[in-house]
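Below: the structure, in structure tokens.
Any value given below was found using the heavy atoms of this structure, including those in side chains, with hydrogens, waters and symmetry copies removed. Indexing begins at 1, ligand by ligand and atom by atom, following the structure's order.
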Amino acid sequence: MSDGPGGMRPSGDRLDLSADELLSTTRAVRKRLDLTRPVDPTLIDECLEMAAQAPTGGNGQGWHFVVVTDPAKRAALAEMYQRGFEMMYGDREAAEANLPTDDAEYVATTKRVIDSAEYLAEHMAEVPVMVIPCINVRTDNMPAAMQAGVWGSLLPAVWSFMLAARERSLGTCWTSLHLIDEPAAAALLGIPDNMMQGALIPVAHSIGTDFKPAPRRDMSRIVHHDTW
Ligand SMILES: Cc1cc2nc3c(=O)[nH]c(=O)nc-3n(C[C@H](O)[C@H](O)[C@H](O)COP(=O)(O)O)c2cc1C
């Protein structure tokens, strides 16, 4: 990252969070995306520089990041996203019926997530910046071991991007539903055929910066020592 005049980094919106604060408070931001405030492209560049510090299998660095700010392209991507959202959550009752019955807190949280996701789906076109991370290998028909290597060489960078964004007072939300129409998004953005898109990350300034750790399932349910 290049320093500004006098060695000062562009720090207007920096939160100076500790590593643990950053890791535990980088939330899926939807309703608190500021859809009216423009995002300085320098901030996106800085976050992408942080993203490119992530590891890749064999140091392949086959990642690419398409930054979309053009309003017509954002609107087209939002339409694809809405179609994906409709397929997954259009039947809200069916989506909620699939939730586990043995964890009331998880069910309540997930219902709130679906509410919030509905809001994002409705407002996606208004989000000022969308970032689509891509990787130069397609996993179509690959064995699982190779798929893991490909995805593992893209997704850590995406999370690093989101962490760097949070540190700069930007809100993000990992989304994947536009991929229902991946070829249409590729055509819209001129993404070559050998590239695979991994996500669509909406980015905007967050409304307020006070995010909290999320409720998660008890660690004893998910951690296994020496045997499952
Ligand atoms: C692989 C992946 C795909 C996701 N896809 C979507 C999506 O399409 N739309 C959306 O609103 N959120 C999506 N999310 C965000 C999750 O819904 C989010 O992590 C969840 O709401 C929990 O939020 P929290 O991490 O702030 O607690 C996705 C997250 C991941 C990791």
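With respect to Arg30 and Asp115, no salt bridge is recorded, no charged nitrogen being found less than 4.0 Å from a carboxylate O. Comment: Arg32 engages Asp210 in a salt bridge, judged by a side-chain N to carboxylate O separation of less than 4.0 angstrom. Arg92 has a carboxylate O that lies under 4.0 Å from a charged side-chain N of Glu118, or vice versa, which qualifies the two as a salt bridge.
When atom types are taken as modelled, the side chain of Arg217 and the backbone of Tyr106 share no donor-acceptor pair closer than 3.5 angstrom. Under a 3.5 Å cut-off, the side chain of Arg27 and the backbone N or O of Thr172 do not form any donor-acceptor pair.
For ligand 1, the atoms lying closer than 4.0 Å to a non-hydrogen atom of Ala214 are 27 (O). Applying the 4.0 Å criterion to heavy atoms of Leu177 picks out, from ligand 1, the atoms 8 (O). Close contacts between ligand 1 and Ala117 involve ligand atoms 11 (O) [criterion: under 4.0 Å to a heavy atom].
Looking only at protein heavy atoms, the nearest one to atom 24 (P) of ligand 1 is Arg27 NE, 3.5 Å. For atom 11 (O) of ligand 1, the closest non-hydrogen atom on the protein side is Arg30 NE, 2.8 Å. Of the protein's non-hydrogen atoms, the one nearest atom 3 (C) of ligand 1 is Ser176 OG, 3.3 Å.
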Under 3.5 Å, which donor-acceptor pairs do the side chains of residues 150-163 form with other protein atoms, sequence neighbours left out?
| unit_1 | atom_1 | unit_2 | atom_2 | d |
| --- | --- | --- | --- | --- |
| Ser153 | OG | Gly57 | N | 2.8 |
| Ser153 | OG | Gly149 | O | 2.8 |
| Ser160 | OG | Pro156 | O | 3.2 |

N/O donor-acceptor pairs under 3.5 Å from side chains in residues 197-205, not counting sequence neighbours:
| unit_1 | atom_1 | unit_2 | atom_2 | d |
| --- | --- | --- | --- | --- |
| Gln197 | OE1 | His178 | NE2 | 2.8 |
| Gln197 | NE2 | Glu182 | O | 3.1 |

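For the ligand labelled ligand 1, residue Tyr81 lies inside the 4.0 Å heavy-atom shell. Residue contact annotation: His178 has no non-hydrogen atom under 4.0 Å from ligand 1.
Between Phe65 and Trp63, the two ring planes are tilted [angle within 30° to 60°].
Contacts between Ser116 and ligand 1 below 4.0 angstrom, taking non-hydrogen atoms only, are absent altogether. The parts of Ala28 lying near ligand 1 are both backbone and side chain, judged by heavy-atom distances below 4.0 Å. The side chain of Val113, and not its backbone, has at least one atom closer than 4.0 Å to an atom of ligand 1 (non-hydrogen atoms only; side chain from C-beta on).
When the options Tyr89, Trp174, Phe211, Trp159 are ranked by their closest heavy atom to atom 14 (N) of ligand 1, first place goes to Trp174.
For ligand 1, the polar-atom distance check finds no N/O of Thr26 at less than 3.5 Å from any of the ligand's N/O atoms. Residue Arg216 has at least one N or O atom closer than 3.5 Å to an N or O atom of ligand 1.
Taking the ring centre of Phe211 as origin, the terminal cationic atom of Arg166 falls outside the region bounded by 6.0 Å and 45° from the ring axis.
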